[in-house]
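Notes follow once the structure below has been shown.
Scope of the values below: all heavy atoms of this structure, side chains included, with no hydrogens, waters or symmetry mates. Since this is a predicted model, take the numbers as computed values, not measurements.
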Amino acid sequence: MEEIKLILDSSSNQETNPAKNIQIVPLTISFNGKEYRDDQNLNIKDFLEDMSNNNVAGKSSCPSIQEWLDALKGTKRAIILTLTSGMSGSYSSALQAKAMYEEKNPTSKVIVVDTRSAGPELTVILHGIGDMIKGKVRFVDLEEKIAQYRTQTHLLFVLQSLHNLALNGRVSNAVAKVAGMLNIKIVGTASKDGKLEPLGKVRGMKRAIKDLVKKMKEMNYQGGEVIIDHCENQKDADTLKAKILELFPDAKVTVRPMRGLCSFYAEEGGLMVGFHE
């Protein structure tokens, strides 16, 4: 099979890796009159400090069509994985870039995948695609195989702060304040239509971690790959990893820090868990 370039937006918390033919296209976050490009130069600690001092609604912007075209330049075969279309225009922008690129390069083929998710689930899907490529699945069959694989991948998350959600009108200021005072954590998932939805509230991070593991099992987790992304919360991410390995000793579990886009939504202390059943 010809070499296939793998392109993701920065919601994946991945880094560009030329050796593995992986390229990351950054989103942009803006608040309080300042823009933050979600690339390798973004200082997450400074970003989070600015965010905690911000009291106005912020927003994120998807990569431009040109940025996708720049990533595709010179490729014959490429697969693009984007943040859920339920939260961003990243998928739409990538689709337009695909159409333009294939028109100018008739012998090239590009697959664009709306992951209906964010963060670590994108990387779990990426790894699945890597296994398909190694297994010599034909490029023409990859889109269907990826769709099948995605039916067995999931995302769960836990939020410790509702500051940004309150600023953006998703919850009231009163609810956010009470949640902080009572140590309430929000546990949620990515729904089938790609919206991030709460599943419940628990008191304290210990219960939240227990609830995450319970929900993983309810979602048919049987020991597949797990990626835990954290926003300045290595301790709880490691605790969750240990809990998973207690039940599934042979599971491959990776802990990583979040980049800018996921940190903007999950906020400090947040966890995102992507896994394959």
Side-chain angles (χ1 to χ4, degrees), residues 9-15 24-64 67 83-84 86-90 118-120 122 155-188 190 195-198 201-206 208-209 212 228-240 255-273:
D9 65 38
S10 61
S11 73
S12 61
N13 296 322
Q14 274 280 139
E15 295 182 354
I24 306 305
V25 179
L27 289 98
T28 302
I29 306 109
S30 57
F31 52 83
N32 206 18
K34 189 173 179 181
E35 287 193 345
Y36 301 82
R37 188 171 168 82
D38 190 14
D39 59 19
Q40 69 278 4
N41 297 316
L42 181 65
N43 185 304
I44 296 297
K45 287 185 181 295
D46 291 346
F47 173 74
L48 289 171
E49 184 175 352
D50 289 350
M51 207 164 69
S52 68
N53 293 327
N54 173 55
N55 288 306
V56 296
K59 65 177 183 178
S60 59
S61 303
C62 67
S64 68
E67 287 176 300
L83 173 64
T84 171
M87 287 183 62
S88 168
S90 189
L122 271 70
L155 177 75
L156 288 166
F157 61 85
V158 58
L159 305 180
Q160 295 208 57
S161 170
L162 303 181
H163 176 72
N164 265 350
L165 291 178
L167 287 178
N168 287 280
R170 303 293 179 88
V171 299
S172 71
N173 287 321
V175 168
K177 187 174 182 179
V178 170
M181 291 172 60
L182 298 180
N183 198 21
I184 299 296
K185 316 301 178 188
I186 305 298
V187 178
K195 300 288 179 65
L196 299 185
E197 296 182 345
K201 306 170 188 175
V202 293
R203 200 165 189 174
M205 203 60 188
K206 187 174 181 180
I209 290 171
L212 281 174
I228 304 166
D229 289 348
H230 67 89
C231 184
E232 298 295 299
N233 191 3
Q234 182 80 39
K235 178 184 175 183
D236 287 328
D238 286 341
T239 299
L240 176 58
V255 173
R256 315 180 304 181
M258 291 182 195
R259 298 299 305 157
L261 190 281
C262 286
S263 294
F264 178 69
Y265 286 107
E267 300 191 56
E268 188 162 357
L271 300 177
M272 299 177 76
V273 186

*Starting from the C-alpha separation in whole Å, work towards a yes-or-no answer on side-chain contact (heavy atoms from CB on, under 4.5 Å) for E15 and Q40.*
CA-CA 8 Å; E15 295 182 354; Q40 69 278 4; over 6 Å; no

*Step by step, work out the side-chain contact (heavy atoms from CB on, under 4.5 Å) result for Q160 and D236.*
CA-CA 11 Å; Q160 295 208 57; D236 287 328; 3.8 Å; yes

*Got a second to check how far C262's SG is from L271's CG, nearest 0.5 Å?*
12.0 Å

*What's the shortest heavy-atom distance between G260 and I29, and which atoms?*
C-CD1, 3.7 Å

*For the side chain of R259 and the backbone of P26, is there at least one donor-acceptor N/O pair under 3.5 Å apart?*
no

*Give the C-alpha distance, both sets of side-chain angles, the deciding distance and a yes or no for side-chain contact (heavy atoms from CB on, under 4.5 Å) between L155 and M272.*
CA-CA 7 Å; L155 177 75; M272 299 177 76; 4.1 Å; yes

_Interatomic distance, S90 atom OG to L83 atom CG [nearest 0.5 angstrom]_ = 6.0 Å

*Minimal non-hydrogen separation, R256 against N13, with atom names*: NH2-CB, 3.6 Å

*For the pair D229 (side chain) and G119 (backbone), establish whether a donor and an acceptor sit closer than 3.5 Å, ignoring hydrogens and angles.*
no

_If the threshold is 4.0 Å, N to carboxylate O, is there a salt bridge linking E232 and K45?_
yes

*Measure the spacing between CG of L122 and CG of D9 and express it to the nearest 0.5 Å.*
6.5 Å

*Gap separating the CE atom of M258 from the CG atom of N233, nearest 0.5 angstrom*: 8.5 Å

_Heavy-atom closest pair, residues S263 and M51_ = O-CE, 3.4 Å

*Give a yes or no on whether Q234 atom CD has more than 12 heavy-atom contacts from other residues, nucleotides or ligands under 6.0 Å away.*
yes

*asked:* Between N32 (side chain only) and N54 (backbone N and O only), is there a donor and an acceptor less than 3.5 Å apart?
replied: no

*asked:* Are V187 and P198 packed together at the side-chain level, in the sense that at least one heavy-atom pair is separated by less than 4.5 angstrom?
replied: no

_Interatomic distance, L48 atom CG to I44 atom CD1 [nearest 0.5 angstrom]_ = 6.5 Å

*Specify the closest pair of heavy atoms between S12 and I24, including all atoms of both residues, with the distance to one decimal.*
OG-CD1, 4.1 Å

*Do you know the tightest heavy-atom contact between L261 and S11?*
CD1-CB, 4.0 Å

*Atom CG of D50 and atom OG of S52: how far apart are they, to the nearest 0.5 Å?*
7.5 Å

_Once you measure the plane-to-plane angle for F47 and F264, does it fall in the parallel (<30°), tilted (30-60°) or perpendicular (>60°) bin?_
tilted

*asked:* For N43 versus D46, what's the shortest heavy-atom pair and its separation?
replied: OD1-N, 3.0 Å

